[in-house]
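For the single chain, residues carry numbers from 1 onward in sequence order.
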Amino acid sequence: MSETTLKNDQFTLEIVKDSLIAIGEEMFHTLARTSMSPIIYEVLDFASGLTDAKGQLLTQGNGVTGFIGMLTFMVKETLKKFSANGELKPGDIIIINDPYGGGGSHLSDVGLLLPIFYEGELIAFSANKAHWTEVGGKDPGSWTTDSTEIFQEGLQFPCVNLFEEGKLNQPLVDIIAANVRFPDLSLGDMWAQVAALRTGEKRFRELCDKHGKAVVKDAIDHLLRHGEQLAVKEIAKLPKGTYEAIDFIDDDGVGNGPFKVQVKVTITDDEFICDFRGSHPQVLGPVNCSYTALVSAVRVIFLAVTNPSQDVNDGVFRPLHILVDDRSIFSAERPAAVSTYWETMMYGADLVWKALAPVVPHRLNAGHLLSVCGVVLSGIHPDTHEPFLVVEPSVGGWGAGDRLDGMAGQFCIGDGETYNVPVEVAETRYGIMVEEYSLRTDGAGAGKYRGGSGAIRSYRAMSDGQTITATFGRHKYLPWGFNGGHDGSRNEFEIVKANGEVAGPFGKYARFPLNKGDVVRLVTATGGGYGNPLERPIEKVVLDAKNGYISVEQARDLYGVELDKATYRVEGVTPQRQSFEQEEQQCSL
């Protein structure tokens, strides 16, 4: 078959393209089903996929949307290092968690990659990144809110061989086992990642056996070109111009802040440019994020604005350009602390979101909880007397949009379609009791369409000597409403001690001591509202009050609807709502 025929056989190219996507999905499920840690097999805090021989992403299975793009940087860093110091060989597996240039986020997110050879040629990479429960460092769980340099945050794997030509680097494994608090979990997750990589390699080689190497390489080019074409087509539909947004990050966890961050988004016929220059320099505490993390965050919102259903590959992102100052809070450099990087990374997405929401309201709603609202809770299990460690994100409220109330109890944009640890699993495996898991019906985010409710999740300590570390961003600066909608509420947590004393509320705290009977009460934000609250139909206000989303007082003060406290019967409207409705009627004439 001639080369020309290969390139014109669109049916075969589509079949191979879809097969590549299926391989990524199989790798994803392999890792989820063989991992040891709940944060992987329950929360799905990982990503896996394939790149071509140059490191261009071909397909990615995601639990966490914030990993979009990181596999690419991992592979490119590996190619850079090994082209200078040696060659990659069949059977090699590389381990890397460098936050600054190697597809990094924080040290807990450990990447593995395997070069795939066929007929002696390096043709692709199988890669994944997963959050290990432990990578050492000064605090249990490895991430914390008060680190001031990377060396406090755990083991660093600077793009080195875990396997060399199929032989395990046992000394490296021994070092890992000696430096993490839960070696069975960390090494179990490592082996699950290895299994997923080898699944990807096996399936990719089978694809080459079936269709031939040349066809597979043509299909890769087709996949990337097709992704770029779709992205450019969608960009052409967007309003052209430059749009700006400014916001403030609460603090860095060690007493400094707030920090101003900003973006200018320029949309042309075929480019989407996000300019973060002028944002605050990198800071002392661990809220810094690397450039690779920023890229991943912006990629998420870029997909939301252009084509949310698009399969992810590097071709899709060719029209996207991201500009940033060196050593900024969005582009931290060694040895900056980065363990709670997501508190800044998500601002990268949110700034673009905030800038564009008024001009593409059909794609973007009001502001949401934004923060991962991450929790690390550790101690001794009262029954087994063994140490336990809870590491998980929290759900909260999303903002309202055009003709859409906000979603309640969802993870932030950086987590995507992940999960938290089920109540039954948490109570069985850990030394805690889940006292409450409910919606936060605080009435915030009022609007013609109201913001989605946050959540309340309370843990009661069942043994003495436990500690909790938590970081709840958007504690000072609220989820934004737009088009007349009100802002949402803040993220916060507090400690209700067994004697009734209350500590907090906090946005960040490292290693708060807990004893038996103390309750940690995690409270997440309600999203921002959309549109003037006085425009919300009276029947919806009544239903909101009946369902407990708003109080009778809020129905009156925010929405202008007078309700009977006992029956929720409408008794009238306030003068403010009456005046607004009259003005609306006059404008419509």
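Surrounding CE of Met407 are at most 12 heavy atoms belonging to other residues, nucleotides or ligands under 6.0 Å away. The number of heavy atoms from other shown groups lying within 6.0 Å of CZ (Arg334) is above 12.
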Q.
Pair Trp132, Ser37 - check side chain to side chain contact (heavy atoms under 4.5 Å, CB included), show working.
A. CA-CA 8 Å; Trp132 288 11; Ser37 299; over 6 Å; no
(Q) Using the rule given for salt bridge (charged side-chain N to carboxylate O under 4.0 Å, His left out), can you reason through Arg203 versus Glu26, listing the C-alpha separation, both sets of side-chain angles and the distance that settles it, and then say yes or no? (A) CA-CA 9 Å; Arg203 296 291 184 245; Glu26 185 176 358; 2.9 Å; yes
Q. Run the salt bridge (charged side-chain N to carboxylate O under 4.0 Å, His left out) check on Asp251 and Lys508 step by step: do they pass?
A. CA-CA 9 Å; Asp251 56 67; Lys508 296 180 179 69; 3.1 Å; yes
Q | Derivation of the salt bridge (charged side-chain N to carboxylate O under 4.0 Å, His left out) call for Asp350 and Arg474 | A | CA-CA 12 Å; Asp350 195 65; Arg474 278 246 183 266; 2.8 Å; yes
Q: Give the intermediate values and the outcome of salt bridge (charged side-chain N to carboxylate O under 4.0 Å, His left out) for residues Asp146 and Lys138.
A: CA-CA 10 Å; Asp146 65 352; Lys138 75 183 186 68; 2.8 Å; yes
Q: Test Gln193 against Asp189 for side-chain hydrogen bond (donor to acceptor under 3.5 Å, both in side chains), laying out the working first.
A: CA-CA 6 Å; Gln193 288 180 259; Asp189 294 338; over 6 Å; no
**Q.** Candidate pair Tyr509 and Phe493, rule ring pair (Phe, Tyr, Trp, His ring centres under 6.0 Å), full reasoning
**A.** CA-CA 9 Å; Tyr509 204 104; Phe493 64 97; 7.4 Å; no
Q.
ring pair (Phe, Tyr, Trp, His ring centres under 6.0 Å) for Trp398 and Trp353? Distances and angles first, verdict last.
A. CA-CA 13 Å; Trp398 277 62; Trp353 183 344; 5.6 Å; yes
Q: Any chance you could lay out the side chain to side chain contact (heavy atoms under 4.5 Å, CB included) test for Leu155 and Phe157, step after step, and finish with the verdict?
A: CA-CA 7 Å; Leu155 284 168; Phe157 305 117; 4.0 Å; yes
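Here the closest non-hydrogen pair linking Phe182 and Pro387 is CE2-O, 3.5 Å. Residues Val520 and Leu514 share a closest heavy-atom pair of CG2-CD1, 3.5 Å. Looking at every heavy atom in both residues, Asp250 comes nearest to His475 through OD2-N, 2.6 Å. Here the shortest heavy-atom pairing between Ala192 and Thr34 reads CB-OG1, 3.2 Å. When all heavy atoms of Ile116 and Arg205 are compared, the closest pair comes out as CG2-CG, 4.2 Å. Taking all atoms of both residues into account, the shortest heavy-atom contact from Val395 to Leu369 is C-CD1, 4.0 Å.
Classification of the Phe506-Phe512 ring pair by plane angle, with boundaries at 30° and 60°, yields tilted. Between Phe73 and Tyr291, the ring planes lie perpendicular to each other; the angle is over 60°, past the 30° to 60° tilted range.
Rounding to the nearest 0.5 Å places CG of Leu351 at 11.5 Å from CE of Met346. In this structure, the separation between CG on Asn365 and CG on Leu404 is 6.5 Å, given to the nearest 0.5 Å. Here Arg457 contributes atom CZ and Glu392 contributes atom CD; the two are 5.0 Å apart, rounded to the nearest 0.5 Å. Taken to the nearest 0.5 Å, the CD atom of Glu153 stands 8.5 Å off from the OG atom of Ser108. Here Leu112 contributes atom CG and Leu31 contributes atom CG; the two are 9.0 Å apart, rounded to the nearest 0.5 Å. Summarising the geometry, atom CH2 belonging to Trp143 is positioned 13.5 Å from atom OG belonging to Ser105; distances are rounded to the nearest 0.5 Å.
A salt bridge is absent between Arg198 and Glu201: the closest approach of a Lys/Arg side-chain nitrogen to an acidic carboxylate oxygen does not fall below 4.0 angstrom.
Side-chain contact check for Ser489 and Arg440: at least one donor-acceptor pair (N or O, by modelled atom type) lies under 3.5 Å. Under the 3.5 Å distance criterion, with hydrogens and angles disregarded, a donor-acceptor pair is assigned to the side chains of Ser290 and Thr292. Side-chain N/O atoms of Asn128 and Ser48 include no donor and acceptor closer than 3.5 Å. For Thr526 and Asp442, the side-chain atoms include at least one donor-acceptor pair closer than 3.5 Å.
Using a distance-only test at 3.5 Å, with no hydrogens or angles considered, a donor-acceptor pair links the side chain of Ser371 to the main chain of Gly473. Remark: the backbone N or O of Gly529 is not paired with any side-chain donor or acceptor of Arg450 at under 3.5 angstrom. A donor-acceptor pair under 3.5 Å is absent between the side-chain atoms of His131 and the main chain of Phe46, judged by distance alone. Between the side chain of Asn288 and the backbone N or O of Val283, at least one donor-acceptor pair lies under 3.5 Å. With hydrogens and angles disregarded, a donor-acceptor distance shorter than 3.5 Å links the side chain of Arg181 to the backbone of Gly137. Between the Ser126 side chain and the Leu50 main chain, no donor and acceptor come within less than 3.5 Å of each other. Distance alone, capped at 3.5 Å, is enough to place a donor-acceptor pair between the Asp518 side chain and the Ala498 backbone.
Taking the six-membered ring where the residue is Trp, the centroids of Tyr459 and Tyr430 are separated by 6.0 Å or more.
The residue from Asp45, Thr524, Val375, Val372 that alone fulfils the side chain to side chain contact (heavy atoms under 4.5 Å, CB included) condition with Pro393 is Val372.
A search for side-chain hydrogen bond (donor to acceptor under 3.5 Å, both in side chains) contacts involving Tyr41 returns Arg429, not counting sequence neighbours.
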